S.K.: 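First the structure, which I've put down as structure tokens, then a few questions once you've had a look.
Sequence lines set the chain letters: A, B, ... in the order given, protein chains first and strands last, and positions in each chain run from 1. In this text, all values refer to a predicted model and were calculated from it rather than measured experimentally.
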Number of protein chains: 2
Amino acid sequence: MDLSPTAYVVLGMLRHGPRSGYEIKQAVDRSTRFFWAASYGQIYPELRKLAKAGLVEGEERPQGGRRRTVYTLTDAGRERLRDWLAEDPELLEIRDEALLKLFFADAASPGRAAEIVDARRRTHEEKIERLRQIEPAAAGLADSDPYPYFVLRYGIAFSEWVVEWCEDARRELEELEPRERDESRRDRRKPDDG
Amino acid sequence: MDLSPTAYVVLGMLRHGPRSGYEIKQAVDRSTRFFWAASYGQIYPELRKLAKAGLVEGEERPQGGRRRTVYTLTDAGRERLRDWLAEDPELLEIRDEALLKLFFADAASPGRAAEIVDARRRTHEEKIERLRQIEPAAAGLADSDPYPYFVLRYGIAFSEWVVEWCEDARRELEELEPRERDESRRDRRKPDDG
DNA sequence: ATACTCATGTAAGAAGTTACATGATTAC
DNA sequence: GTAATCATGTAACTTCTTACATGAGTAT
């Protein structure tokens with residue numbers, strides 16, 4: 001049976017011990033979210049599928065009168081995770097509306113490109129802030145498993161790089177877009193292209 | 001009527017003049033692909049929807065005995081594109097298997113983290129190569145519309161940054177992963193975490 | 001001839017989001 | 001008491017990919 005990529009997120013989140021679906025969702029939001037999100041609508045059905053396949057085991061562990069099912073990796077599940085980790089990563093998908101809008105900026109009103117770049121900068125500044133908030137906790141756990149912290153720092157460094165790029169781009173766009181650009185450009189346009 | 005994000009890719013690809021579905025797909029593969037992909041299975045149905053909505057207009061323009069439908073932006077379509085460009089970009093989705101595997105590397109065999117980083121480096125080296133191949137063509141068109149070239153250079157710069165990060169990460173992992181790490185680490189692990 | 005590119009499309013299904021529903025516990 | 005958090009789940013829907021089918025033109 002083939003597993004979806006998100007199934008491996010679930011298996012992976014159980015690598016250090018039992019967790020409930022709710023806890024997995026929380027862990028995803030605090031960690032892999034910026035490069036791999038997952039919703040309840042995926043996690044809960046996935047846990048059941050994995051249990052049926054014998055890769056995880058569910059156990060009722062209510063807290064007070066609150067029902068709660070905690071899942072544990074089985075040996076088969078751990079092996080499956082290991083096998084997947086042993087394959088070279090393939091999938092890399094990006095949907096970046098900011099880049100798309102910048103790409104089409106020629107069809108926008110004059111000066112809009114710079115605003116799009118500014119919006120992109122703000123997005124990544126917020127991302128940095130959010131990641132910095134979870135950084136201390138991640139650093140504390142790095143002792144027993146260094147990789148999540150490693151990846152978190154990648155996320156921060158990446159967004160910092162984007163912010164720098166936006167600042168450079170801003171300056172470049174100002175040279176590119178003097179007030180009269182709109183008129184002068186239209187003259188140079190190939191007939192085919194208008 | 002709401003448009004899907006990919007509908008705007010189609011509208012945007014018509015901003016400089018009429019194109020067939022086939023040509024749109026080609027343009028996507030040569031340009032927006034690295035941050036926004038689109039398949040025939042989206043493009044052709046989308047063109048029909050947009051035509052029904054009056055945002056594009058199709059015209060039969062066979063080449064030889066080969067049927068061919070070419071679409072043009074209507075005024076309404078151009079306005080719709082402009083309105084969308086005037087809204088701040090929101091969507092940013094990443095699915096990065098390499099980061100996910102690195103995140104879970106603690107559950108992999110020793111030394112696997114470094115291999116994942118190496119694979120990531122290769123992926124982005126290939127990306128740079130592909131982008132460099134289309135760079136001259138993009139640079140040539142920058143005269144009439146500078147933005148696609150602008151975004152292309154972002155793509156190259158980004159992948160170059162990733163390659164550098166991978167080189168740094170490689171070195172850091174070697175410090176982190178001396179041969180005996182596996183044993184020593186297990187001792188420091190909290191009981192909750194095993 | 002045969003392989004490649006041009007050209008358009010559909011069907012099936014995977015993957016993922018959103019909104020909703022339910023109900024207990026905890027903090028103020 | 002009431003708002004937030006803990007906890008689980010489903011249904012409807014959107015989005016997107018993959019695989020397939022068809023057929024003409026072009027280059028070797």
S.K.: Using side chain to side chain contact (heavy atoms under 4.5 Å, CB included) as the criterion, point out the one residue from A:R19, A:E57, A:E60, A:R61 that pairs with A:V70.
M.R.: A:R61
S.K.: If you look at every strand shown and take non-hydrogen atoms under 4.0 Å, does B:G41 touch a base, only sugar-phosphate, or nothing?
M.R.: base
S.K.: Does a side-chain N-to-carboxylate-O contact under 4.0 Å join B:K25 and B:D29?
M.R.: yes
S.K.: Looking for any heavy atom pair under 4.0 Å, which part of the strands does B:R61 touch: base, sugar-phosphate only, or nothing?
M.R.: nothing
S.K.: Quick test of your reading of the model: are B:R121 and B:E164 salt-bridged, counting only N-O distances below 4.0 Å?
M.R.: no
S.K.: Rounding to a whole Å, what distance do you find between B:Y44:OH and D:dC16:P?
M.R.: 18 Å
S.K.: With sugar-phosphate meaning primed atoms plus P, OP1 and OP2, does B:Q63 contact a base, only sugar-phosphate, or nothing at under 4.0 Å between heavy atoms?
M.R.: sugar-phosphate
S.K.: Answer yes when B:R170 and B:E174 have at least one side-chain N-carboxylate O distance shorter than 4.0 Å, and no when they do not.
M.R.: yes
S.K.: Report the distance from atom CD of B:E93 to atom C1' of D:dC16, rounded to the nearest whole Å.
M.R.: 11 Å
S.K.: Can you check whether B:K101 reaches A:Y8 side chain to side chain, under 4.5 Å on heavy atoms?
M.R.: no
S.K.: How is A:R68 classified with respect to the nucleic acid when contacts are heavy atoms under 4.0 Å: base, sugar-phosphate, or nothing?
M.R.: sugar-phosphate
S.K.: Can you tell me the distance, in whole Å, between the CG atom of A:D29 and the P atom of D:dT5?
M.R.: 13 Å
S.K.: Give me the ring orientation class for A:Y154 and A:F158: parallel if the planes are under 30° apart, tilted from 30 to 60°, perpendicular past 60°.
M.R.: parallel
S.K.: Identify the 5'-most and 3'-most nucleotides of DNA chain C with at least one atom closer than 4.0 Å to a non-hydrogen atom of chain B.
M.R.: C:dT5 to C:dT17
S.K.: Taking any heavy-atom pair under 4.0 Å as a contact, classify B:S4: base, sugar-phosphate, or nothing.
M.R.: sugar-phosphate
S.K.: How is A:R66 classified with respect to the nucleic acid when contacts are heavy atoms under 4.0 Å: base, sugar-phosphate, or nothing?
M.R.: base
S.K.: Classify the nucleic acid contact of B:Q26 as base, sugar-phosphate or nothing, counting any heavy atom under 4.0 Å across all strands shown.
M.R.: sugar-phosphate
S.K.: Which residue lies toward the 5' end of DNA chain C, B:P45 or A:A38, if each is placed at its nearest nucleotide?
M.R.: B:P45
S.K.: Can you work out whether B:V70 or B:R95 has the more 5'-proximal nearest nucleotide on DNA chain C?
M.R.: B:V70
S.K.: Rounded to the Å, how far apart are B:D2 CG and D:dC13 C1'?
M.R.: 13 Å
S.K.: Rounded to whole Å, please give me the gap between CD in A:Q42 and P in D:dT14.
M.R.: 18 Å
S.K.: Parallel, tilted or perpendicular: which fits the ring planes of A:Y22 and A:Y40, with parallel below 30° and perpendicular above 60°?
M.R.: parallel
